2 protein chains.
Amino acid sequence: MRKTIYDIAKELNVAPSTVSKALNNKSGISEKMRQKIQQYAKDVRYYADWNASKLKTKRSFSIGVVYSEDLDIGLEHTFFSSILQSFKSYVEAHGYEITFVISNLGNREISYLDFCLHKNIDGVFIVTSLPGDPYLKELVNSDISCVTTDIYHENLFTVISDNVDGAKQAVRYLHQMGHTKIAHVSERHFFPAARERLEGFYEAMRELNLPVQDEHIIMCEYYAFEYGYEAGQRFLALDDRPTAVFVVADIIAMGFISALKEAGLNVPDDVSVIGFDDIPFAKHYEPKLTTISQNTTKLGEKAADHLLKQMNEKTGVRSGTEKVPVELIVRDSVKKC
Amino acid sequence: MRKTIYDIAKELNVAPSTVSKALNNKSGISEKMRQKIQQYAKDVRYYADWNASKLKTKRSFSIGVVYSEDLDIGLEHTFFSSILQSFKSYVEAHGYEITFVISNLGNREISYLDFCLHKNIDGVFIVTSLPGDPYLKELVNSDISCVTTDIYHENLFTVISDNVDGAKQAVRYLHQMGHTKIAHVSERHFFPAARERLEGFYEAMRELNLPVQDEHIIMCEYYAFEYGYEAGQRFLALDDRPTAVFVVADIIAMGFISALKEAGLNVPDDVSVIGFDDIPFAKHYEPKLTTISQNTTKLGEKAADHLLKQMNEKTGVRSGTEKVPVELIVRDSVKKC
DNA sequence: TACCTATATGTTAAGGTTTGCATAAAAAGA
DNA sequence: TCTTTTTATGCAAACCTTAACATATAGGTA
């Protein structure tokens with residue numbers, strides 16, 4: 001049977017509270033006694049019962065993770081899961097564990113907030129979420145500290161890649177390589193990343209005094225290879241084809257390129273393509289994809305860092321944004337014009 | 001302030017225990033009363049305090065997940081994370097949540113078993129683990145129900161793809177397409193999957209009465225594109241080159257193919273290649289990879305199902321294996337000889 | 001010596017739930 | 001109507017930890 005603090009107290013002829021103090025490094029106890037108790041606890045492999053301790057302290061040292069599994073963005077989505085991985089490592093190093101916030105256990109439906117409240121969750125990281133989720137709104141407006149990534153939400157701190165700058169870097173690089181007629185493949189729904197990259201595209205083009213024709217902005221249905229392929233076909237149908245394309249995301253860029261290849265065009269000889277994200281496969285695609293790399297490790301760490309601060313400082317700063325720098329990764333899909 | 005069972009009891013003029021019984025569907029209470037209390041609880045959005053309830057019942061309704069993050073197999077590893085996703089959905093539908101089993105919170109080191117014991121974990125899913133991890137052994141030999149996937153461990157039930165059969169399907173398919181000189185790229189460390197696929201390769205070759213030369217078994221360092229590339233180079237150096245290759249994993253197959261392409265060979269015109277896994281990118285690679293698909297959804301579900309059974313039935317059946325069928329996915333990397 | 005302070009240790013209630021047991025009420029049987 | 005059985009409800013302990021408060025002890029000061 002598992003030992004309790006009472007057992008230890010009895011065995012050491014001290015009071016339970018003394019044991020508790022020793023183990024929790026609280027004051028009001030002699031150093032000698034602390035050592036003795038800690039040593040003993042180690043010897044008998046005592047660990048405080050998690051639940052009893054949480055029940056009492058009202059702090060769970062666990063951080064909720066909202067990870068909506070619809071829309072193909074479950075754990076297998078590398079971008080988010082690698083942010084989560086980094087987030088997880090960071091908070092664990094600070095003594096927290098993570099818990100998935102779920103809206104139904106078995107068959108009883110429960111709102112995110114209720115879930116967190118009743119589990120005494122200390123803070124929440126919203127990794128992916130469906131736009132307009134009512135549970136989310138309720139949670140965000142509650143007293144529980146929250147941060148998110150890659151999306152914006154009123155009253156919620158966001159850690160996000162510097163998409164505008166990334167897009168500008170991409171365009172500038174294409175320009176540097178001699179391209180002046182540049183197209184952009186964007187995404188129809190305008191998730192924040194897409195919107196910002198489009199914005200950055202326009203800005204950079206303006207700064208470089210390059211004209212942008214409406215038909216050179218190609219709208220893609222969603223983040224998927226197939227839609228990129230479709231966009232490629234539409235690109236091929238253009239009368240006056242640009243020599244370079246900045247594509248909103250690597251996965252779309254790959255589909256895009258595959259359409260060009262199929263039509264007998266060579267990338268980068270005929271058309272230069274630059275992507276965004278630097279997904280793990282970008283370096284293995286043919287041609288190896290030149291792209292703007294998002295730093296998922298940093299995204300996760302910054303999110304974790306900000307959340308922990310927010311939780312501990314109880315500062316009222318709920319909204320705001322931290323932009324994480326992105327980096328141009330030069331590979332083989334862009335060529336001098 | 002959050003409502004407790006006492007508040008509700010007072011408001012409804014009943015005893016706390018009555019409320020508890022009503023909410024937990026325990027017997028010894030009239031149906032009318034149960035309805036009334038449940039309705040009221042719903043109205044005031046009452047949920048039992050997780051910790052208090054766990055403390056008392058000694059059942060946490062949470063399942064530990066051992067997910068070793070070293071060796072590049074953290075959450076961003078799609079194969080394991082998609083198994084985990086499927087596992088998670090399944091157990092959540094059955095009223096369980098998942099918790100990562102970690103060996104250090106903050107700075108205090110804790111063994112897996114201690115962690116589980118002190119959190120009252122009901123069962124554990126070992127997703128990835130380092131071979132020879134002492135904590136693992138201790139956990140597996142404890143009273144806590146465990147299952148794993150993709151590896152074997154004494155005293156531990158495993159859910160794993162039918163690798164032998166998959167390899168045989170692969171070889172048979174190559175043979176069917178007219179190939180008789182077939183090579184195999186394996187992996188040096190002989191993780192179970194690699195070992196079984198090698199075994200299946202030999203078996204199928206024997207059954208088909210095809211000779212296998214020693215130098216046609218190419219050992220690759222590890223599961224990575226780069227090592228596949230290296231293997232490809234070694235293949236190129238072969239005097240008497242086979243016309244077809246069965247590669248132990250898609251990611252290696254892709255690196256392998258890229259080496260061939262670089263040397264001016266065409267896949268599948270010059271050499272046919274079949275992979276294993278069906279990673280998400282297989283269908284986008286060039287050529288689209290013919291491969292043996294592992295059913296990650298099923299792997300996760302079966303693991304979950306077995307674990308829940310083991311937990312509830314308290315059956316002594318700890319070891320054993322469930323093989324999940326794999327499927328040949330015909331794409332473009334294999335051609336008639 | 002008497003008293004005070006600081007520090008070390010002990011006592012006990014609280015945290016919210018569940019559960020075995022006791023009791024009360026209702027239903028059934030005589 | 002009275003006893004017996006069944007059913008519904010309440011009481012109180014238990015789960016284990018923490019923390020506020022109380023007490024004891026040692027050392028120092030007047």
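If you're wondering where the values come from, they're calculated on a predicted model, not measured in any experiment. Chain letters run A, B, ... following the sequence lines, proteins first, then strands; residues in each count from 1.
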Check residues 111-118 of chain B and write down every donor-acceptor pair under 3.5 Å in which the side-chain atom is one partner and the other belongs to a residue at least two apart or another chain.
residue	atom	partner	partner atom	Å
S111(B)	OG	R45(A)	NH2	3.3
S111(B)	OG	L113(B)	N	3.4
S111(B)	OG	D114(B)	N	3.1
S111(B)	OG	D114(B)	OD2	3.3
S111(B)	OG	E138(B)	OE1	3.0
Y112(B)	OH	D133(B)	OD2	3.2
D114(B)	OD1	R45(A)	NH2	3.2
D114(B)	OD2	R45(A)	NE	3.2
D114(B)	OD2	R45(A)	NH2	2.9
H118(B)	ND1	Y47(A)	O	2.5

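Non-hydrogen atoms lying under 4.0 Å from DNA chain C are contributed by nothing in residues 30-42 of chain B. Contact check of residues 18-26 of chain B against DNA chain D (heavy atom, cut-off under 4.0 Å) returns T18(B), K21(B).
At dG16(C), none of the side-chain N or O atoms of Y46(B) fall inside 4.0 Å of OP1 or OP2 (strictly under the cut-off). Residue K56(B) places no side-chain N or O under 4.0 Å from the OP1 or OP2 atom of dG15(C). Not one side-chain nitrogen or oxygen of Y6(A) sits closer than 4.0 Å to the OP1 or OP2 atom of dT12(C).
Counting any heavy atom pair closer than 4.0 Å across all strands shown, N13(B) reaches sugar-phosphate atoms only and no base atom.
Both cation-pi conditions hold for K88(A) and F100(B): the charged atom is under 6.0 angstrom from the six-membered ring centre and inside a 45 degree cone around its axis.
A donor and an acceptor atom never sit less than 3.5 Å apart when one is taken from the side chain of S53(B) and the other from the base of dG16(C).
Projected onto DNA chain D by closest heavy-atom contact, A52(B) and G28(B) fall at different nucleotides, the more 5' of which corresponds to G28(B).
Remark: Q35(A) pairs with E31(A) by the side-chain contact (heavy atoms from CB on, under 4.5 Å) rule, at least two apart or across chains. Applying the salt bridge (Lys or Arg N to Asp or Glu O under 4.0 Å) rule to K302(A) yields the partners E322(A); only residues at least two apart in sequence or on another chain are considered. The side-chain contact (heavy atoms from CB on, under 4.5 Å) check on N25(A) picks up R34(A), Q38(A), with sequence neighbours excluded. In this structure, the side-chain contact (heavy atoms from CB on, under 4.5 Å) partners of A48(A), at least two apart in sequence or on a different chain, are Y46(A). Here I151(A) pairs with S129(A), T148(A), P192(A) under the side-chain contact (heavy atoms from CB on, under 4.5 Å) rule; sequence neighbours left out. For K56(A), the salt bridge (Lys or Arg N to Asp or Glu O under 4.0 Å) test picks out no residue, with sequence neighbours left out.
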